[in-house]
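Down below is the structure, laid out as structure tokens.
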There are 2 protein chains.
Amino acid sequence: MTRSRNEEFLLRKEDFLQSNSVDLAIFGFHETELRILLLQYKGKSWALPGGFIFKDEHLDNAAKRVLEERTGLKKIFLKQFYTFGDPERSRLNNRARQLEKLLENDEFSDEVIQWFLGRFATTGYYALVEYTKVNPVPDDFSIRCDWCDVHSLPPLIADHSQIIKKALETLRQQIHFQPIGMNLLPKKFTMPEIQMLYETIIGTKLDRRNFLRRILSYKILVRLPEKRTGVAYKAPYLYSFDHKAYQLALKMKICLRMMKRSLNG
Amino acid sequence: MTRSRNEEFLLRKEDFLQSNSVDLAIFGFHETELRILLLQYKGKSWALPGGFIFKDEHLDNAAKRVLEERTGLKKIFLKQFYTFGDPERSRLNNRARQLEKLLENDEFSDEVIQWFLGRFATTGYYALVEYTKVNPVPDDFSIRCDWCDVHSLPPLIADHSQIIKKALETLRQQIHFQPIGMNLLPKKFTMPEIQMLYETIIGTKLDRRNFLRRILSYKILVRLPEKRTGVAYKAPYLYSFDHKAYQLALKMKICLRMMKRSLNG
DNA sequence: TCAAAAGTGTTAGTCGTACACCCATGA
DNA sequence: TCATGGGTGTACGACTAACACTTTTGA
């Protein structure tokens with residue numbers, strides 16, 4: 001079976017664009033944590049879901065394809081954030097040897113190993129997905145696909161921790177210019193839940209009452225008549241996103257500031 | 001001579017990373033206009049300065065190299081903004097044929113032409129330079145290198161007008177998070193001059209007095225004792241950037257808002 | 001002395017922030 | 001009835017935006 005995987009890859013390899021790849025930072029939100037989807041290789045190291053680009057395929061499509069393959073999800077918010085072009089990136093962290101070992105163990109041919117150890121400029125995309133809707137699927141080179149809290153990441157191959165760092169930075173910046181949450185939260189959610197999401201992303205505690213006022217002022221939420229029951233305190237209202245207003249706000253790329261301005265000293 | 005250029009390129013070609021390139025949006029500011037540096041090919045079409053990446057070269061370095069080759073400038077603000085990954089991008093605008101013709105006329109071999117017509121994922125960088133310091137130099141494939149007002153661009157090859165559009169969008173967005181101007185303006189400049197720069201970039205008229213207060217509040221400018229003379233009205237003060245404060249502000253990536261917030265209706 | 005443009009200051013209104021108080025729920 | 005957390009409202013300070021007046025210069 002490993003033998004056939006080797007041959008399979010060799011066949012597909014010819015259809016790939018050389019020296020380009022995509023890597024995905026797929027974020028989900030669960031139990032007050034911002035999590036990211038990672039793959040684990042046989043050698044225990046982890047990596048971002050990624051893939052190569054078919055010769056006639058748009059970079060964006062390659063990213064979409066990888067997202068779909070790993071999560072089963074379509075029509076998801078997905079955005080390019082940076083291209084990593086260090087010629088040594090695959091050799092960072094002394095993990096090239098590790099990768100080499102992994103692939104050897106897996107009985108891949110030299111040709112395949114050489115491909116993997118070659119230089120790729122990888123373009124990073126980040127996706128925001130609803131945690132519960134994801135069905136994590138490992139790829140041909142990994143044994144496991146699972147969520148990790150972004151604040152306690154396992155050892156990652158190559159420059160993948162840098163990529164995640166950059167993805168988080170981008171997300172933190174863009175949260176002020178885009179409504180987010182439609183893909184990260186379930187259809188119906190409470191005010192404390194969306195507030196926790198914002199707090200997790202920007203890394204600051206926010207005032208409950210001011211947050212409410214602000215987020216409502218953007219007019220992308222609707223309060224539902226229902227409340228969440230079964231909690232050991234006052235039942236909170238449920239909210240959902242107003243899709244039209246949300247899409248409009250996305251297009252407008254307008255400042256939805258959630259943090260203090262700084263630089264006043 | 002064209003023959004030797006052909007051979008030269010064939011030799012270098014082997015050292016290039018396949019299917020990757022960089023394109024540069026080099027902005028300068030002159031006579032109240034935001035301008036961009038463009039190359040003109042023999043067939044009259046224009047293009048962004050760009051180039052290929054050596055196999056052991058960092059993407060950022062390839063961009064730096066191209067910047068230096070076209071302008072003679074080093075140590076310039078240069079920032080990656082997007083990677084364009086449409087497989088058809090070189091064939092957009094029906095300019096593939098044009099490009100083909102150009103290269104044929106120039107007596108390049110089929111091999112070179114095929115290379116140019118192949119697929120590249122190009123990574124866009126933008127640079128902010130001091131107009132007067134630039135010495136525009138055409139590359140091996142162009143006959144002219146000159147500035148164009150970004151508001152009246154000539155016909156451009158492939159997707160280069162899209163790339164410029166994206167570069168401008170990025171610049172417009174980032175102006176709120178970075179001090180700019182140090183590279184775009186001469187060492188000494190007047191308040192009206194820097195205000196004009198800001199207005200040109202964000203595309204809005206700003207109130208003279210409010211602008212003054214705001215830009216000074218960021219504490220990246222120092223007022224010089226001198227004034228500009230020889231003008232037909234009250235002599236304005238000269239200012240220059242405080243390098244230390246400027247670099248600090250750059251690092252902090254702090255909100256230096258210059259426009260109204262929107263989305264309040 | 002006049003026009004044009006720069007320097008300086010004021011004010012009203014909006015927005016952000018920090019609060020206090022009451023209400024609903026399950027233990 | 002109490003602890004916990006949600007819902008609603010207010011007040012102060014800071015910042016923004018709009019605007020008026022004075023000063024300097026060359027023609």
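Here is the naming used below: chain letters follow the sequence lines, and residue numbers restart at 1 for every chain.
Annotation: cation-pi geometry satisfied between K166(B) and Y82(B) (NZ/CZ under 6.0 angstrom from ring centroid, within 45° of ring axis). Geometrically, K79(A) does not engage Y126(A) in a cation-pi contact defined by less than 6.0 Å to the ring centre and at most 45° from the axis.
In the set dA18(D), dT8(D), dT8(C), the nucleotide with an atom closest to the side chain of L212(B) is dT8(C). Comparing atom distances between the M191(B) side chain and each of dT25(C), dG7(C), dT25(D) picks out dG7(C) as nearest. Relative to the side chain of K234(B), the nucleotides dT4(D), dA6(C), dA24(C) differ in distance, and dA6(C) lies closest. Out of dT10(C), dA11(D), dT8(D), the shortest distance to the side chain of R213(B) is found at dT10(C). The listed nucleotides are dA20(D), dT25(C), dT8(D); the one nearest the side chain of A235(A) is dT25(C). Distance from the side chain of N210(B) is smallest to dC19(D) among dT25(D), dT8(C), dC19(D). The side chain of R209(A) sits closest to dC19(C) out of dC19(C), dG7(D), dT25(C).
Following rounding to the nearest Å, I215(B) (CD1) and dG7(C) (P) show an atom-to-atom distance of 14 Å. When the C1' atom of dG26(D) is taken as reference, atom OH of Y233(B) falls 11 Å away, rounded to whole Å. Whole-Å rounding puts the H176(A) NE2 to dG16(C) P distance at 13 Å. Atom pair D207(A):CG and dC21(C):P shows a separation of 16 Å (rounding to whole Å applied).
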Determine, stepwise, if the pair Y125(A) / L48(A) fulfils side-chain contact (heavy atoms from CB on, under 4.5 Å).
CA-CA 11 Å; Y125(A) 285 78; L48(A) 289 171; over 6 Å; no
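Contact annotation: side chain of R214(B) to base of dA17(D), donor-acceptor pair absent below 3.5 Å.
The list of salt bridge (charged side-chain N to carboxylate O under 4.0 Å, His left out) pairs with a residue in residues 122-137 of chain A, not counting sequence neighbours, reads E130(A)-K133(A).
Checking the phosphate oxygens (OP1, OP2) of dA18(D), no side-chain nitrogen or oxygen of R208(B) falls inside 4.0 Å. Side-chain nitrogen and oxygen atoms of R223(B) include at least one within less than 4.0 Å of the OP1 or OP2 phosphate oxygen of dT8(C).
DNA chain C is contacted by both A232(B) and Y237(B); A232(B) maps to the nucleotide lying nearer its 5′ end (nearest heavy atom per residue).
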